[in-house]
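Here's the structure we're looking at; comments come further down.
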Amino acid sequence: MVTTFQTEERRAAALINDALEALGYGRREFDMRAIPFTGVWGTSASVCYQIATEQVTAEHAAELEGLSKKEAKRRTQELVRQRAQEIAEQVAARLREVGGFASVEATNGYINITFDTDRFSNELVRAVLTHGKDYGRGEPKSERVMVEYSQPNTHKAFHIGHLRNVCLGNALSRIMRFAGFDVLEANYIGDIGLHVIKTLWCYQRFHRGEEPPREQRGRWLGEIYTEADQRLNYRQDVVDLLNDLARNDPAFREAVDRMMKELWRAHPVGEDVAYLLGQIAHAREIKPDAFYDDATIAHFWPIVGKQLTQMLEAARQRPPQQTAERAAGEPELPTPADYEAWLERWERLAAHLDWWPHVPEWQREVRQTFQLWETKDPAFVALWKETRDWSLEEFNRIYEQLDVHFDVWFYESEVEELGRQIVQELLEKGIAEISDGLPVVKIDEKLGLEKETYRTLPILRSDGTTLYSTKDLALTKIKFEQYHVDRAIWVVDVRQSLYLQQIFKVMELWGFAQAAKCYHLSYETVMLPTGAMSSRSGNVVLYEDVADRVLRRAREIIDEKNPALPDELKERIARDVGLGSMKYGMLMRDNNRVLVFDIEEALSFEGHAAPYIQYAHARACRILEKVDTIPTEGLHFVDLTPEEINLIQHVAAFPSDVERAASEYKPLVIANYVYELAKRFNDFYRACPVLQAPEPQRSARLALVAAARQTLVNGLGLLGIAAPEIM
RNA sequence: GCGCCCGUAGCUCAGUGGAUAGAGCGUUUGCCUCCGGAGCAAAAGGCCGCAGGUUCGAAUCCUGCCGGGCGUACCA
């Protein structure tokens with residue numbers, strides 16, 4: 001959408017160029033920028049600096065030659081600044097003759113042009129009110145874009161980390177569509193793979209016949225997955241803790257003799273005692289399969305626990321270590337908090353010492369279960385389908401709540417076969433080769449790169465089962481060939497960054513021109529104040545739990561602020577405000593920054609958050625509902641206050657920010673925009689009475705309120721956030 | 001080793017090579033007889049990690065270093 005504001009900016013640039021030419025400086029390429037001062041609506045050019053620099057360096061070459069580098073620099077700066085101002089004054093004088101601008105001034109070497117606010121405000125307000133929900137929409141573009149996002153795994157929990165993905169992907173889709181692209185929103189469900197096999201193994205082995213609570217079957221399945229993972233990794237987890245202790249705590253290493261004596265008394269298996277003694281004393285890695293006796297760890301564990309408790313006590317007694325006191329090179333001693341964390345891990349593992357002997361057998365069983373899938377065992381496939389639906393039901397409930405709707409649903413299970421065929425094709429074409437017994441693409445080699453950049457991508461397991469890459473190659477081919485996608489976007493965690501670059505390069509090697517327009521919108525991990533989320537350690541925050549709390553809190557506040565509203569309306573507002581707050585929290589932070597999710601912050605509806613913006617909207621609605629019609633013609637925007645100008649200016653900037661958000665794939669641009677707009681509206685609201693203002697001011701302000709309200713709605717809409725009229 | 005990301009106010013973070021680096025939270029002090037106080041105003045708080053370089057001009061671009069995170073062939 002080209003606004004009159006932008007047209008006027010271009011006209012100004014053209015006239016400046018005419019003036020430069022007439023003054024003998026020649027035409028230049030330069031951008032116009034908004035004047036950065038508050039309460040002024042206009043555009044500025046810094047082109048005079050360009051010209052001044054050229055002239056100064058030419059005219060003062062001899063003088064500058066004789067100076068030291070530093071002095072020359074300072075002198076140039078001084079001369080350029082003066083000259084830029086002189087040129088700006090000449091240009092300004094000429095532009096004033098041409099006329100058509102409210103004012104033209106030369107300040108600090110810039111040419112500042114202010115707009116005829118009366119005329120442009122009239123045009124702006126009329127444009128916003130006639131276009132309505134389409135204000136800011138871009139010209140239709142012929143390109144088809146597919147945004148693949150969400151990609152949840154069935155049989156696993158949907159946690160707060162998944163929310164960041166959904167919010168980003170959905171907002172990006174809305175923005176791209178609004179900017180004029182033909183957008184397809186695609187979901188890609190991870191309904192098969194090792195995690196599904198593990199879950200189903202654990203279900204069959206330990207939970208068959210249990211009836212999960214109906215509404216929570218998806219979540220229940222996620223718990224089974226966690227349990228499966230804990231069981232299968234049990235030995236490794238135990239050994240990891242011992243290794244961490246031996247590596248990071250000298251006191252633990254020093255205690256090894258005493259601990260081993262105790263272990264020997266309880267469980268005299270010489271080889272194991274000797275092994276533990278040697279590895280711990282020298283902080284060498286303990287391996288989970290190096291034990292002779294399955295019961296050794298069970299006997300050793302209480303001893304470790306006792307030692308940890310003692311060390312925690314000792315650490316608490318110890319005065320806090322001063323960094324200065326510590327000799328150089330000496331490692332930092334563990335803090336009480338370290339010991340508490342270790343003890344927590346110790347306790348969790350202590351609860352399942354009976355698992356240790358079974359781990360190898362369980363791992364075998366999982367491999368057998370994988371075979372049931374590979375051979376499409378009917379009973380197993382039926383179980384898979386049934387449990388898969390439990391998860392999908394939960395996902396759909398969440399998408400419904402978030403107002404997220406996909407045009408295309410892909411499933412990993414549906415691209416396995418095509419993936420295998422593709423591996424064959426790539427092998428035949430010589431793009432892939434067998435290395436160490438499995439098909440891989442040696443990308444750097446194929447591209448002729450000397451430095452390692454894309455490395456090697458395995459595309460099938462050596463046992464013939466499919467990998468994520470096998471399926472992704474197939475899926476990407478489908479996107480290109482069946483959906484005719486010109487530009488494919490993946491919204492995926494940053495940790496898969498190299499992996500996706502590899503996929504793009506393989507598509508390129510394979511001959512797909514669209515590979516050049518593949519884009520990975522990566523985002524950093526969502527962490528908890530307690531650290532990284534990990535389903536195995538149980539440190540996860542589930543989406544539905546957070547949503548429940550946030551919506552309940554929103555409801556409490558509405559009950560407080562607006563007790564008279566009908567129940568149904570209150571419920572709807574609570575949903576709009578609560579969900580808006582959650583979504584905004586996910587979008588207001590740059591995507592390549594780690595996001596620490598703090599529930600307390602999510603429950604606060606004050607300050608820089610969605611409710612602030614929604615509140616500005618509700619205030620605007622309060623004003624507008626008190627008049628019958630919004631005047632749009634012949635308004636008088638004269639003697640404007642700075643608050644009015646700032647608001648008008650920002651409303652006018654919406655279309656170009658939409659464009660920028662789309663071209664940079666950055667929903668954050670809109671998140672910032674909409675907050676700033678609300679802020680400026682609140683400033684205006686305080687400073688400028690509307691209903692009590694005398695005519696013609698009253699009409700102009702009413703129209704401005706209506707325009708700002710509409711722009712708030714449009715901007716929030718791009719983030720998937722509703723704008724309730726009352727809250 | 002190599003590669004990517006982050007480092008800005010006490011904390012959490014915005015910031016498109018341009019003019020005086022901004023918000024929120026927290027702290028202190030004010031503002032509801034006035035379109036809704038989920039709001040507003042004021043104060044305090046900054047070697048924009050460090051050092052060079054490019055430029056008329058650098059928080060922004062380039063190089064090196066320091067600190068933190070992540071990735072690096074059969075997990076997804």
Side-chain angles (χ1 to χ4, degrees), chain A residues 31 33 35-37 44 46 48-50 52-54 56-57 73 76-81 83-84 107-110 112 151 153 190 193-195 412 435-442 451-463 465 467-472 492-499 501-502 522 524-525 527 532 554 557-558 560-562 577 588-590 592-596 598 601 604-612 614-616 618-620 622-626 660 664 668-669 671-672 675-676 679 682-683 685-693 701 705 726-727:
Chain A
D31 288 327
R33 298 175 54 88
I35 299 174
F37 305 124
S44 75
S46 58
C48 301
Y49 277 98
Q50 268 183 49
T53 306
E54 289 163 21
V56 166
T57 46
K73 207 171 164 173
T76 317
Q77 204 171 325
E78 195 180 312
L79 290 167
V80 166
R81 208 172 290 165
R83 182 62 60 88
T107 34
N108 300 335
Y110 294 83
N112 288 348
Q151 310 111 331
N153 285 330
L194 209 49
H195 69 281
E412 272 189 52
S435 169
D436 290 343
L438 70 155
V440 301
V441 181
K442 295 189 173 172
K451 250 179 87 176
E452 63 171 32
T453 12
Y454 300 105
R455 298 166 176 265
T456 297
L457 178 71
I459 55 175
L460 200 65
R461 285 202 191 88
S462 49
D463 65 3
T465 57
L467 286 166
Y468 200 55
S469 57
T470 321
K471 294 170 267 196
D472 241 340
V492 181
D493 191 301
V494 68
R495 285 172 296 197
Q496 292 181 42
S497 186
L498 172 62
Y499 165 75
Q501 295 311 311
Q502 291 175 324
S522 66
E524 263 288 359
T525 328
M527 306 252 288
I557 293 176
I558 292 158
E560 210 175 283
K561 307 241 179 211
N562 257 320
V577 171
M588 68 186 284
R589 207 145 272 158
D590 192 276
N592 42 28
R593 203 185 265 270
V594 173
L595 190 152
V596 178
D598 186 349
E601 214 171 287
S604 159
F605 299 136
E606 282 163 20
H608 190 174
Y612 176 89
Q614 292 168 318
Y615 185 65
R619 279 176 151 182
R622 270 320 61 69
I623 295 174
L624 296 173
E625 75 186 3
K626 294 186 175 71
R660 191 159 73 88
E664 292 177 12
L668 173 64
V669 170
N672 285 341
Y675 175 67
E676 183 64 29
K679 210 168 171 43
N682 278 334
D683 277 349
Y685 183 87
R686 170 186 54 80
C688 308
V690 177
L691 297 172
Q692 286 106 322
R701 285 183 177 173
V705 170
I726 305 177
M727 58 187 279

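Quick note on labels: first sequence line is chain A, next is B, and so on, each numbered from 1.
A donor and an acceptor atom sit less than 3.5 Å apart, one in the side chain of A:Ser44 and one in the base of B:A19. Residue A:Tyr110 places a side-chain atom within donor-acceptor reach of the base of B:G18, judged by atom type and a 3.5 Å distance cut-off alone.
Comparing B:G49 with B:A58, their P atoms sit 15 Å apart, to the nearest whole Å. The P atoms of B:G68 and B:A73 are separated by 24 Å, rounded to the nearest whole Å. Spacing of C1' atoms, B:U8 relative to B:C47, comes out at 12 Å, to the nearest Å. Between the C1' atoms of B:U60 and B:C6, the separation comes to 15 Å (whole Å). B:C48 and B:G36 are spaced 44 Å apart, taking the P atom of each and rounding to whole Å. Between B:C65 and B:G3, the two P atoms lie 11 Å apart (nearest whole Å). B:G17 and B:C35 have their C1' atoms separated by 43 Å, given to the nearest Å.
Between A:Tyr468 and A:Tyr499, the ring center distance clears the sub-6.0 Å criterion. Taking the ring centroids of A:Phe605 and A:Tyr612, they lie at or beyond the 6.0 Å cut-off.
Relative to the side chain of A:Leu691, the nucleotides B:C35, B:A14, B:A19 differ in distance, and B:C35 lies closest. Closest to the A:Pro36 side chain, of the nucleotides B:A19, B:A14, B:G57, is B:A19. The side chain of A:Val690 approaches B:C35 more closely than any other nucleotide in the set B:G24, B:C35, B:C56. The A:Asn672 side chain lies nearest to B:A14 when the options are B:A14, B:A76, B:A23. For A:Glu606, taking side-chain heavy atoms from C-beta onward, the closest of the listed nucleotides B:G39, B:A23, B:C35 is B:G39. When distances run from any side-chain atom of A:Arg619 to the nucleotides B:C56, B:G3, B:G36, the shortest one goes to B:G36. The side chain of A:Tyr685 lies closest to B:G36, out of B:C56, B:A14, B:G36. Considering only the side chain of A:Gln77, B:G57 comes nearest among B:G57, B:A19, B:A14. For A:Asn592, counting side-chain heavy atoms from C-beta on, the closest listed nucleotide (B:G37, B:C6, B:G15) is B:C6.
Note on A:Arg622: a base of the nucleic acid sits closer than 4.0 angstrom, heavy atoms only. When heavy atoms are screened at a 4.0 angstrom cut-off, A:Asn108 is found touching base atoms of the nucleic acid. A:Asn112 comes within 4.0 angstrom of a base, heavy atoms only. At the heavy-atom level, A:Leu595 lies nowhere under 4.0 Å from the strands shown. Among the heavy atoms of the strands lying under 4.0 Å from A:Arg660 is at least one base atom, whether or not backbone atoms are also near. Counting any heavy atom pair closer than 4.0 Å across all strands shown, A:Thr107 reaches a base atom. If you check every strand for non-hydrogen atoms under 4.0 Å, A:Cys688 touches a base. Within the 4.0 angstrom heavy-atom criterion, no nucleotide atom of any strand lies near A:Val705. Using a 4.0 Å heavy-atom distance criterion, A:Leu624 is classed as making no nucleic acid contact. No engagement by A:Ser497 is indicated, since no non-hydrogen atom pair under 4.0 Å with the nucleic acid exists.
Residues satisfying the side chain to side chain contact (heavy atoms under 4.5 Å, CB included) test with A:Glu452, not counting sequence neighbours, are A:Asp444, A:Arg455. With sequence neighbours left out, A:Asp683 forms a salt bridge (Lys or Arg N to Asp or Glu O under 4.0 Å) with no residue at all. Under the salt bridge (Lys or Arg N to Asp or Glu O under 4.0 Å) criterion, A:Glu524 pairs with no residue, sequence neighbours left out.
Shown here, B:C32 is classed syn by the O4'-C1'-N9-C4 or O4'-C1'-N1-C2 angle, which is within 90° of 0.
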Next item on the list: Summarise how protein sits on nucleotides 68-74 of chain B as a single string, 5' to 3': B when a protein heavy atom is under 4.0 Å from the base, S for sugar-phosphate-only contact, - for no contact.
Entry: --SSBBB

Next item on the list: Using a 4.0 Å heavy-atom cut-off, write out nucleotides 41-53 of chain B from 5' to 3' as B (base contacted by protein), S (sugar-phosphate only) or - (no contact).
Entry: S------------

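Atom OH of A:Tyr615 is separated from atom P of B:G39 by 8 Å (rounded to the nearest Å). We find that CG of A:Asp598 is positioned 19 Å from P of B:G24, with the value rounded to whole Å. Atom CD of A:Glu676 and atom P of B:G24 are 10 Å apart (whole Å). For the pair A:Asn562 CG and B:G37 C1', the interatomic distance rounds to 13 Å; values are reported in whole Å.
Remark: A:Asn682 is in phosphate contact with B:C40, judged by side-chain N or O atoms under 4.0 Å from OP1 or OP2. Using a 4.0 Å cut-off, no side-chain N or O of A:Arg81 falls inside it from OP1 or OP2 of B:C56.
Residues A:Gly193 and A:Lys471 come closest through the heavy atom pair CA-NZ, 4.4 Å.
With a cut-off of 3.5 Å on both pairing distances, the Watson-Crick and G-U wobble pairs of RNA chain B assemble into stems of 3 or more at B:1-7 with B:66-72, B:10-13 with B:22-25, B:27-31 with B:39-43, B:49-53 with B:61-65.
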